[in-house]
2 protein chains.
Amino acid sequence: MAKHDPHLDDLFTALGDPTRRAVLARLARGPASVSELAAPHAMALPSFMGHLQKLETAGLIETRKQGRTRICRLAPDALAPALDWLSKQRALWSGRLDRFDNYVTRLNDARSQKEPPHGHPDRPRPAD
Amino acid sequence: MAKHDPHLDDLFTALGDPTRRAVLARLARGPASVSELAAPHAMALPSFMGHLQKLETAGLIETRKQGRTRICRLAPDALAPALDWLSKQRALWSGRLDRFDNYVTRLNDARSQKEPPHGHPDRPRPAD
DNA sequence: GAATTACTTAGGCGTATGGCTAAGCATGAT
DNA sequence: ATCATGCTTAGCCATACGCCTAAGTAATTC
C-alpha cells in the first residue's frame, strides 16, 4: 500500500512547476543540452539549473556530460509511479463516490431533521 | 497542449505532500469531518487545515459545513487533468525514447572513439 | 445560559524554494 | 597560448511552506 513514498513527493513536486513541465514536454521531442533547454525560459542559467536538478533528483530526467555540454534526456519509466498512484486513486474515487455521497446526503438530511441522540452512526467501513 | 496551466501547478503541488495524499486516500473510503481526517496525522489542527485548504484550492476536495463540523469529500473528476497530462506525456516519451536513445548513443559512441573534427553534427531536429 | 466541541483566525518561526549576480572551472576553437 | 563557450559554484534575497501556540467564533449539550 506504500505508507508514504518519499519518491512520490519528489515526483509530484517536480511536476508542480510550469517551467519543469515545459522542460519535460520539450524533452519529449528529443534530448537537448542545458542551454538549449534553458533558452526559451527567460531566467538566469543557475536558476534554470536548479529546475533541472530537481527533475533529475525526482528521477524524471537523466543527464550526462559530453565535452563541455550536458545532454539531458527523459528517464524512461519515471512517470509510472505517479501515473500509477493517480489511476489507483481515481479507481477508488469513482467506485465509492456515488455510494457515499448518497449515504452522507441521507445521513445529513436525517440529522438535521431528527437530531438522533446517538451522534454519528458507525461509518460504513466499505468492505476494505 | 496547454501553454502553462496554473491549475496543474496547484494540482501537482497539492499531490506532492504525503499528508495530503494520505488525506485523499482516506477520503477515497468515504467523506469525513475535519477532525476525523486530522486524527491520524500528529499535527496541530491549524496546520492540518492548511493542507485541507490546499487540497480544496487545487479542486481535489469539496467541503461544506454541517452544524459545527465541516464535512470533506473528494471532488469527482479532479484528478483527470493530472492524469491526462501524465498519460499524454508518457505517450510521447515512449514513442520517442528508443529512437533518440539509439541516435544519441550511437552519436556519443562515435565521438568518444573518433573525435571527429567537425564538432557536433546537426541534431536531428525532430520534424518540428 | 454555561460549558464543550469543532473549527477558525491571527501571528510567529525556521527552512525551503525560486530567483538573481558574480566568479570559477573545464573544453573547444583560433 | 589565448579566448570563447557552457556549465558550475558560491552567495544573496524575497517569498512561500509547514509547523506551532493562543485566542476567537459558532453550534451542541447539559
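What's counted below: heavy atoms across the whole structure, side chains too, no hydrogens, waters or symmetry copies. Quantities reported herein were computed from a predicted structural model and do not represent experimental measurements. Below, chains carry the letters A, B, ... as their sequence lines are ordered, and counting in each starts from 1.
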Axial bend angle, the helix from C:dG1-D:dC30 to C:dT30-D:dA1: five-pair end segments, nearest 10°: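 End-to-end axis angle for the helix from C:dG1-D:dC30 to C:dT30-D:dA1: 20°, rounded to 10°.
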
Between [N] atom [atom2] and [X] atom [atom1], what is the distance in whole Å?
X	N	atom1	atom2	answer
B:His51	D:dC20	NE2	C1'	12 Å
A:Phe48	D:dG6	CZ	C1'	14 Å
A:Leu55	C:dT17	CG	P	13 Å
A:His41	C:dG18	NE2	C1'	14 Å
A:Asp17	C:dG18	CG	C1'	8 Å
A:Asp10	C:dT17	CG	C1'	14 Å
A:Asp9	D:dG18	CG	P	10 Å

Output yes when B:Asp9 and A:Arg21 qualify as a salt bridge under the 4.0 Å nitrogen-oxygen rule, no when they do not.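 Answer for the salt bridge query: yes.
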
Closer than 4.0 angstrom, basic N to acidic O: yes or no for A:Lys88 and A:Asp84?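 A salt bridge is present here (some side-chain N lies under 4.0 Å from a carboxylate O).
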
Heavy-atom donor-acceptor pair, [X] side chain to [Y] backbone, under 3.5 Å:
X	Y	value
B:Asp17	B:Arg20	yes
A:Arg73	A:Glu62	no
A:Ser87	A:Leu83	yes

Just jot down the side chain to side chain contact (heavy atoms under 4.5 Å, CB included) partners of B:Gln53, sequence neighbours excluded, or say none.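 B:Gln53 satisfies side chain to side chain contact (heavy atoms under 4.5 Å, CB included) with B:Thr57 once adjacent residues are dropped.
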
Mapping A:Thr13 and A:Ser47 onto DNA chain C by nearest heavy atom, which one lands closer to the 5' end?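 Closer to the 5' end of DNA chain C: A:Thr13.
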
I want to confirm an ordering. Mapping A:Gly67 and A:Met43 to their closest nucleotides on DNA chain C, which one lands closer to the 5' end?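 Taking each residue's closest nucleotide, the earlier one in sequence belongs to A:Met43.
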
What string of B, S and - do you get for nucleotides 3-16 of chain C 5' to 3' if you count protein non-hydrogen atoms under 4.0 Å? -BBSBBB-------

Without hydrogens or angle criteria, can the side chains of B:Glu36 and B:Ser33 be said to hold a donor-acceptor pair below 3.5 Å?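 Yes - a donor-acceptor pair under 3.5 Å links their side chains.
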
